[in-house]
Amino acid sequence: MTEGPGLGRAALAARLSAIDERIADAARRANRDASEITRIVVTKFHPASLVRDLHALGVREVGENRQQELTSKASEVSDLDVRWHFIGQAQTNKASAIRRSADAVHSLDRAKLADSLHRVAEDDEPLDVLIQVNLTKDEGRGGIEPADASTLAEHILSLSSLRLRGVMAVAPLDEEPASAFARLRVVADQVRLLEPSATWISAGMTGDFVEAIDAGATHLRIGSAITGPRPDRG
Ligand SMILES: *Cc1c(COP(=O)(O)O)cnc(C)c1O
């Protein structure tokens, strides 16, 4: 059982509802239905007890960007009905661990990783995956080049244990998020031509979720605005 709401829990509840209000406002201004937008709370660097507190406040979608942290946290709170979104760079040799803990992988950016995630499938449900698109000019960053997304989408669609849901991106630091997200939208449309059910657009963090909502984001990945500052990585 969780403890009663202490000061920390009350502050968390206040931040969560403030963000949800801002999401609802942004959706209204963009003429969108807020119910089509999923708010994922990114809990990286915070203890599993935060996931428990968030769950008590109604949160069911949580995100992690490191496999080890995902694996340990998911097992610590395996009694909770939360969906785990893996949003970080994934190594192929961690595919099995990722697949065991994650309900959705937002950071699929190469055929080799798709093959690895497929190879380790057991009799489980298909794994929800999104193609991570690199919106920066730096090829070393996570994500596939926009021009190569359709080819990767076709490859993913050939793997029966993966369910292609859409696209994901992080806005570059040196560009207006709106123009970057507009490029993501183009890629999202291309992918949806190949697979009409791949409707997810995972975009928008603490600093740019309003712009992401304007650009059609369906899944926001919000961390610090809800969880408070991240503790030291240690
Ligand atoms: C940490 C992280 C987020 C959340 O970032 P905040 O700025 O704290 O909201 C979103 N997406 C990815 C990929 C992240 O690593």
Side-chain angles (χ1 to χ4, degrees), residues 11-12 14-23 26 37-48 50-51 53-54 57 59-74 82-91 94 98 101-110 113 128-136 138 140-144 149 165-178 180-181 183-184 187-188 200-234:
L12 186 63
R15 287 193 299 264
L16 188 62
S17 62
I19 285 294
D20 285 348
E21 242 168 73
R22 289 176 59 197
I23 293 171
I37 298 171
T38 301
R39 178 252 299 121
I40 298 164
V41 182
V42 178
T43 51
K44 65 189 183 198
F45 309 138
H46 288 279
L50 179 75
V51 178
D53 287 345
L54 287 164
L57 295 169
V59 170
R60 295 293 179 270
E61 313 281 337
V62 292
E64 286 291 335
N65 74 335
R66 295 190 303 182
Q67 174 270 320
Q68 281 187 333
E69 203 175 337
L70 166 74
T71 299
S72 65
K73 246 179 256 183
V82 294
R83 284 177 51 81
W84 291 94
H85 297 260
F86 185 70
I87 61 175
Q89 300 243 24
Q91 291 170 300
K94 299 291 166 56
I98 291 168
S101 298
D103 296 289
V105 174
H106 291 226
S107 40
L108 186 41
D109 62 359
R110 55 204 193 276
L113 180 58
D128 286 341
V129 297
L130 291 88
I131 294 175
Q132 183 176 355
V133 179
N134 182 1
L135 298 177
T136 74
D138 176 358
R141 299 293 291 271
I144 193 165
R165 287 299 205 168
V167 298
M168 175 273 216
V170 176
L173 294 172
D174 58 354
E175 182 185 355
E176 285 295 321
F181 291 147
R183 294 205 303 285
L184 179 64
V187 179
W200 295 12
I201 300 178
S202 167
M205 311 176 18
T206 289
D208 56 21
F209 69 85
V210 172
E211 289 89 344
I213 289 170
D214 285 341
T218 62
H219 290 67
L220 315 175
R221 308 177 311 269
I222 303 182
S224 44
I226 294 171
T227 62
R230 286 185 268 277
D232 277 348
R233 297 165 190 230

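What you are looking at is a predicted structure, and each value in this text was computed from that prediction instead of being measured. The residues of the chain are indexed from 1 along the displayed sequence. First listed ligand is number 1; within each ligand, the first listed atom is number 1.
Minimum interatomic distance between A169 and R221 (heavy atoms only, all atoms of both residues): O-NH2, 3.1 Å.
Below 4.0 Å from some heavy atom of S224 lie the following atoms of ligand 1, by number and element: 6 (P), 7 (O), 8 (O), 9 (O). Proximity to I222 (heavy-atom distance under 4.0 Å) selects the following atoms of ligand 1: 9 (O).
In terms of protein heavy-atom proximity, atom 12 (C) of ligand 1 is closest to I87 CD1, 3.4 Å. Scanning the protein for heavy atoms near atom 5 (O) of ligand 1, the closest one is M205 CE, 3.5 Å. Remark: minimum distance from atom 11 (N) of ligand 1 to any protein heavy atom is reached at R221 NE, 2.9 Å. Of the protein's non-hydrogen atoms, K44 NZ, 2.6 Å is the one closest to atom 2 (C) of ligand 1. Scanning the protein heavy atoms around atom 9 (O) of ligand 1, the nearest turns out to be T206 OG1, 2.5 Å.
Annotation for E175: atom CD counts as buried by contact number, over 12 foreign heavy atoms lying within 6.0 Å. At most 12 heavy atoms of other shown residues, nucleotides or ligands fall within 6.0 angstrom of atom CZ in R141.
In this structure, CD on E69 lies 9.5 Å from NZ on K44, to the nearest 0.5 angstrom. Summarising the geometry, atom NE2 belonging to H46 is positioned 10.5 Å from atom CD1 belonging to I226; distances are rounded to the nearest 0.5 Å.
For G223, a nitrogen or oxygen atom sits less than 3.5 Å from a nitrogen or oxygen atom of ligand 1, counting backbone and side chain alike.
When the options L130, N65, V105, I40 are evaluated for a side-chain contact (heavy atoms from CB on, under 4.5 Å) with I87, the one that passes is N65.
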